Each structure stands twice: as C-alpha cells, then as structure tokens.
Amino acid sequence: MAKAIYSTHLGFFDILPDESPKWRALENIIHEEAAKFNFEEIRTPILEQTELIKRGVGQLTDIVTKEIFAFTKGDSNYVLRPELTAPVVRAYVQHHLGQRGGSQKLYYIGPMFRAERPQKGRQRQFHQFGVEIIGSDNPIADVECIAFMIRIYQRIGIQNFDLKLNSVGDPESRDRYKEVLKDYLKPNLSKLSELSQNRFEKNPMRILDSKEPEDQEFIKNAPVIGDHLNDESTEHFTRVCELLDKLNISYTLDPLLVRGMDYYTRTAFELTSSDLGSQDALAGGGRYDLLVEEIGGQPTPAVGFAAGMERLLIACEELEIKLGSEKSVDIYLVTLGEKAQTWGIETLSKFREMGISATMDYMGRSMKAQMKDANRENARYALIVGENELETGLLTLRNMEESEELQLTIDQVLGKFRS
RNA sequence: GAGCCCGUAGCUCAGUUGGUUAGAGCGCCAGGUUGUGGCCCUGGAGGCCGUGGGUUCAAUUCCCAUCGGGCUCCCCA
C-alpha cells in the first residue's frame with residue numbers, strides 16, 4: 001500500500017466511481033418500489049440530540065452504551081444517528097405529521113453510524129433503507145411493512161433468505177412473561193453467562209438472544225412468550241401470520257427472537273441470509289407502539305423496519321447479481337487542434353441540450369489516444385473533427401460498435417440524434 | 001472490550017535461507033499505424049518492500065514496538 005497522508009477513519013469508506021452505479025441502482029429500486037406502496041420519503045439530519053437517541057433506542061442497549069459517536073458543542077449534545085426510527089418519530093412529533101391525516105407511511109435511505117469494531121458486513125458508517133408506518137395498530141400495517149421489505153429482495157433476485165417472526169407482546173403480557181421467565185431462570189442464575197446475569201434484572205428477555213454456550217440449555221427449555229400473551233396480542237399476532245399466509249410470504253416462528261432496541265412491542269421480525277457470513281441479518285424490524293409517547297407525542301402505534309444496504313450488496317456479490325449498468329456516453333468528440341477544440345466545446349452544448357450525453361478529450365492528446373479513451377468510456381459514437389472537417393464541413397461519425405463511418409455535416413449529425 | 005491473520009508498484013501477487021540495479025500479470029502512458037479504439041508487438045513511467053527503533057559489516061528479509069487493514073467473539077443492518 002502506498003502511504004496516503006490522509007485516509008478514511010477506521011470503519012469508514014469511500015464509494016468510488018466503479019462502485020457508485022450499483023448504489024444508485026439500488027436506491028432507484030427502493031424509490032420505485034416505495035412509490036408503488038405509496039410510501040413517502042423522509043430525510044432527517046445526520047446529527048440528532050443525544051438525549052433523543054438514548055430515550056428512543058434505550059439507555060441499556062448496546063447501541064447507546066457503547067456504539068454511539070457523540071460530542072458536545074456549546075450547550076448542545078450531538079450524536080451521529082445510529083438508526084432512524086427514533087429520529088423519524090421525533091420528526092413525526094415535532095412537525096405534527098399525524099395532523100396530515102391517516103397513518104403516515106414513511107421511508108428513508110441514508111447513512112447511519114455506530115462505533116463498533118468493523119468486520120465483514122459491518123462498518124462504522126453504513127447505509128440503511130427502511131420504512132416507518134406511524135398511526136396504525138392494524139396488523140395490515142405490520143404486513144405491508146414486511147411485504148415491502150421482501151419485495152425489494154425479490155425484485156433484486158435475492159431469494160434464499162429466512163424471515164423470522166415473533167411477538168414480544170404488549171407491556172402487560174411482557175411484564176407477566178418476564179416474571180415467569182425470571183422464576184424459571186432464577187434457580188440456575190449462577191450458571192448463566194456473566195452477560196446474561198447482568199441482564200437478568202434489567203432486561204431478562206434479552207437473555208433469550210444470548211449466544212453464549214453456557215446459556216443454551218436453559219434457553220432451549222425456557223418458557224416462550226407466545227404462551228403468555230394476552231388475548232389482544234395473541235389476536236394481533238395471529239392476524240399478522242394469517243395475512244402473511246395470504247400473501248404467500250413464508251416465515252418461521254422464532255420464539256427466541258428478541259430484538260436489540262428497547263422500543264419493540266408485539267410483532268418482531270428479522271430477515272437473515274446464509275449468503276452473508278457471520279453478520280447474517282439483512283434487515284430487521286417490528287412494532288413499537290410505545291415509542292411515540294416516549295418521545296413526547298400522543299400515544300400512537302407504529303411499525304417499521306430497517307435494512308442494511310451493504311449487506312444487501314454483499315449478498316448480490318455472492319449471488320453474482322449485477323446491479324447497475326456499464327458506464328457509457330453517446331458521443332465522444334475527437335478533436336484535433338485548437339480550432340477543433342473550440343468548435344468541440346460549443347458542439348458539446350448542442351448535444352447536451354438535445355439530451356444526448358457527450359464528452360471530449362481535455363488533454364490535447366493524439367487521435368489514437370482519444371479513440372482509446374472513447375473506447376474505454378464505452379462511447380456509442382466518436383465524432384472526429386480536425387482541420388479538414390472544419391474546412392469541408394463534413395465530419396466523420398464513427399459507430400464504435402460496428403466500426404462503420406459516415407461523412408456528415410453537423411446538421412445531419414444533429415438530425416440523426418434528434419429522432 | 002477480547003482473539004487470530006496480513007502489510008512488496010494503481011490492482012492482484014511473486015521474491016530475498018540477511019548481500020550489489022526488487023520482479024510478473026493486469027492497468028496507465030507512448031511508439032509500431034506522422035488522422036482511427038478493441039487484438040498483437042515494442043518501450044516507458046510508477047516502489048524509501050506501512051512507519052519507527054533494535055541486532056548486524058550489511059535488513060525489504062531476523063527481533064520489538066507502532067500504525068493500517070482483514071476476519072472472528074460480543075452485538076447489530
């Protein structure tokens with residue numbers, strides 16, 4: 001590696017010209033599908049108030065305790081957003097979006113930041129797209145959310161994913177279940193991992209999520225929340241499953257699925273893929289009926305998901321799915337001499353005004369070099385202009401694909417492309 | 001926060017059991033074709049062998065440190 005004086009921070013990366021087309025292709029797909037679902041885009045600041053993230057995501061979550069980039073400037077505490085559900089809810093409350101009527105169907109695309117140790121499929125700056133449906137507690141909202149998520153992967157051609165589904169219950173069911181779970185774990189508390197012991201009081205359900213070997217046998221036989229949901233939550237979950245069945249979206253029920261953010265209630269889901277390696281979660285989400293109120297709004301039910309774009313692109317690589325098209329330009333002006341260059345830069349404008357992409361050499365290189373460049377840029381045509389052409393008014397238009405040339409006036413060339 | 005692996009040209013990598021001018025392929029630039037791309041041929045540019053220190057007559061090679069990168073655990077997208 002040559003030493004550059006400056007480079008990106010650990011876990012940050014540039015999207016270079018060879019990579020950007022697939023990003024743009026992915027973004028276009030998301031925008032197009034969102035339009036079909038009638039979701040509206042929301043863009044929020046990269047920086048939020050630290051307190052919002054702490055309240056929204058949860059004081060005890062890993063994200064807040066060790067993964068946020070935060071700093072203080074003057075009297076304000078800033079944090080680089082680690083996820084977008086809390087900020088979107090903040091915007092919803094701040095701007096009274098509920099007053100627009102109905103449920104708000106929002107989607108977003110953008111960078112997030114978490115101060116973790118980077119590895120495959122995990123960067124400190126990464127990109128997510130996602131959806132938040134705010135204002136409906138109807139299972140239809142849950143299912144539309146999931147349907148949109150699945151739709152993106154299907155359209156791209158990623159098929160071998162696994163949708164895991166669970167209900168983490170409403171507060172009433174959850175409190176009851178937590179007691180049952182704690183009663184079950186208590187006799188063996190000392191045998192659990194240190195991590196799980198710490199979670200025992202604060203958030204016992206997260207113990208189910210543990211991957212520590214010593215916890216596994218206890219987790220295996222633990223009581224499941226499904227058996228402790230109240231009627232309302234059971235009904236909701238049943239309806240979600242029923243609607244997914246109607247849409248032929250297959251899923252596996254995973255009673256151990258407990259997600260990392262504190263705000264989830266009832267429906268929780270996760271999309272994993274075996275094409276990703278260790279970091280196998282493509283996307284995840286769920287219902288968060290308490291978050292709007294937590295952040296200072298009226299009690300308002302909501303559901304959403306977030307998906308990792310880098311992970312989606314990794315899956316594409318593994319599956320050899322090509323996103324985006326090869327670069328190309330309609331016309332490459334090959335100019336020889338200063339007069340021709342002057343003529344060239346004027347003529348470029350004419351093509352561009354017609355909607356034709358056009359470029360030329362900026363370095364006064366030889367014809368051979370310009371032709372080589374035209375080839376490298378995937379030009380459809382080379383338009384060759386030197387002293388001769390300027391005098392006679394007949395230009396050489398070369399079809400790069402067919403290797404055929406025509407002698408035409410500039411008006412004939414323009415006419416050819418006008419159609 | 002912890003563990004393992006790796007730093008040689010723009011990229012992918014050889015190589016030096018410590019010894020004079022450090023190599024290949026691809027890419028880039030130019031010429032062969034004085035106005036014609038892709039294929040071919042020839043030539044060229046481009047490396048303080050990541051950085052600092054140590055051992056040695058001599059270090060890109062051995063040792064230590066450091067920085068950077070990759071993967072893994074934890075957790076998440």
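Owing to the predicted nature of the structure, the values given are computational and were not obtained by experimental measurement. In what follows, every chain begins at residue 1, and chains take the letters A, B, ... in the order their sequences are listed.
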- Note on the structure: Of the candidates B:rG35, B:rG69, B:rC76, the side chain of A:D280 sits closest to B:rC76
- Task: Tell me which residues in residues 402-416 of chain A put a heavy atom below 4.0 Å from RNA chain B, sorted by number, or none.
- Result: A:S403, A:E405
- Item | Pairwise 5' ranking along RNA chain B for A:H127 and A:H9, keeping only the more 5' one | A:H9
- Query: Among residues 302-318 of chain A, which residues get a heavy atom nearer than 4.0 Å to RNA chain B?
  - Reply: A:A306, A:G308, A:R311
Enumerate the protein-to-nucleotides 1-6 of chain B contacts in which both atoms are nitrogen or oxygen and the separation is below 3.5 Å.
unit_1, atom_1, unit_2, atom_2, d
B:rA2, N6, A:R117, NH1, 3.4

- Measure centre to centre between the rings of A:F113 and A:F69, then say whether the value is under 6.0 Å. no
- For A:R24, check salt bridge (Lys or Arg N to Asp or Glu O under 4.0 Å) against everything at least two apart and list the hits. none
- Task: Could you provide the dot-bracket string of RNA chain B, using ( ) for intrastrand pairs, [ ] for crossing pairs and | for bases paired to another strand, with Watson-Crick or G-U pairs below 3.5 Å?
- Result: (((((((..((((.....[...)))).(((((.......))))).....(((((..]....))))))))))))....
- Distance between the P atoms of B:rU51 and B:rA24, in whole angstroms? 22 Å
- Message: Using side-chain heavy atoms (C-beta onward) and a distance below 4.5 Å, is A:P111 in contact with A:I46?
- Response: yes
- Note on the structure: The residue among A:V89, A:V88, A:T300, A:V57 that forms side-chain contact (heavy atoms from CB on, under 4.5 Å) with A:L291 is A:V89
- Task: If a pair satisfies salt bridge (Lys or Arg N to Asp or Glu O under 4.0 Å) and one of its residues is in residues 149-168 of chain A, list it, with sequence neighbours excluded.
- Result: A:E32-A:R155, A:E33-A:R151, A:E33-A:R155
Per-pair distances, 0.1 Å, donor-acceptor, side chain in residues 131-140 of chain A, under 3.5 Å, sequence neighbours excluded:
unit_1, atom_1, unit_2, atom_2, d
A:E132, OE1, A:Y288, OH, 2.5
A:E132, OE2, A:T85, OG1, 2.9
A:S136, OG, A:N138, N, 3.0
A:N138, OD1, A:I140, N, 2.8

- Task: Please tell me if the side chains of A:F351 and A:L383 come closer than 4.5 Å, counting only heavy atoms from C-beta onward.
- Result: yes
- Message: According to salt bridge (Lys or Arg N to Asp or Glu O under 4.0 Å), does anything in residues 340-354 of chain A pair up with another residue at least two apart or in another chain? List the pairs.
- Response: none
- Item | Pairwise P distance for B:rU61 and B:rC41, with rounding to whole Å | 37 Å
- Message: Any side-chain to backbone donor/acceptor pair from A:Q370 onto A:T335? Under 3.5 Å, distance only.
- Response: yes
- Does the separation of the ring centres of A:F417 and A:Y381 fall below 6.0 angstrom? yes
- Message: When you compare the side chain of A:I30 with that of A:F39, does any pair of heavy atoms fall below 4.5 Å?
- Response: no
- Message: Run the salt bridge (Lys or Arg N to Asp or Glu O under 4.0 Å) test against A:R124 and tell me which residues pass, sequence neighbours left out.
- Response: none
- Query: Could you give the distance from CG (A:L257) to CD1 (A:I225), rounded to the nearest 0.5 Å?
  - Reply: 11.0 Å
- Task: Would you please say whether a donor-acceptor pair under 3.5 Å links the side chains of A:D170 and A:T265?
- Result: no
- Query: Going by heavy atoms closer than 4.0 Å, what residues in residues 47-55 of chain A are next to RNA chain B?
  - Reply: none
- Query: Does the B:rA77 base have a donor-acceptor partner in the side chain of A:E116 within less than 3.5 Å?
  - Reply: yes
- Taking only heavy atoms on the protein side, list every residue of residues 362-383 of chain A lying under 4.0 Å from any atom of RNA chain B, sorted numerically. A:R365, A:M367, A:K368, A:A369, A:M371, A:K372, A:N375, A:R376
- Item | Presence of salt bridge, A:K22 and A:E317, under 4.0 angstrom | yes
- Task: Say whether, by atom type as modelled, one donor and one acceptor occur between the side chain of A:D289 and the main chain of A:P301 under 3.5 angstrom.
- Result: no
- NA contact type, A:Q125, heavy-atom cut-off 4.0 Å: base, sugar-phosphate, or nothing? nothing
- Phosphate-side-chain proximity, A:Q119 and B:rU72, N/O vs OP1/OP2 below 4.0 Å: yes
- With distance as the sole test, does A:T50 use its side chain to make a donor-acceptor pair with the main-chain N or O of A:Y78 at under 3.5 Å? yes
- Please measure how far the C1' atom in B:rU55 lies from the corresponding atom in B:rC71, and state the result in whole Å. 33 Å
- Message: Could you check whether any side-chain N or O of A:Y108 sits under 3.5 Å from a backbone N or O of A:Q128, counting only pairs where one atom can act as donor and the other as acceptor?
- Response: no
- With sequence neighbours excluded, tell me which residues meet ring pair (Phe, Tyr, Trp, His ring centres under 6.0 Å) with A:W23. A:H127
- Task: Confirm from the modelled atom types if A:E387 and B:rG35 form a donor-acceptor pair under 3.5 Å, side chain to base only.
- Result: no
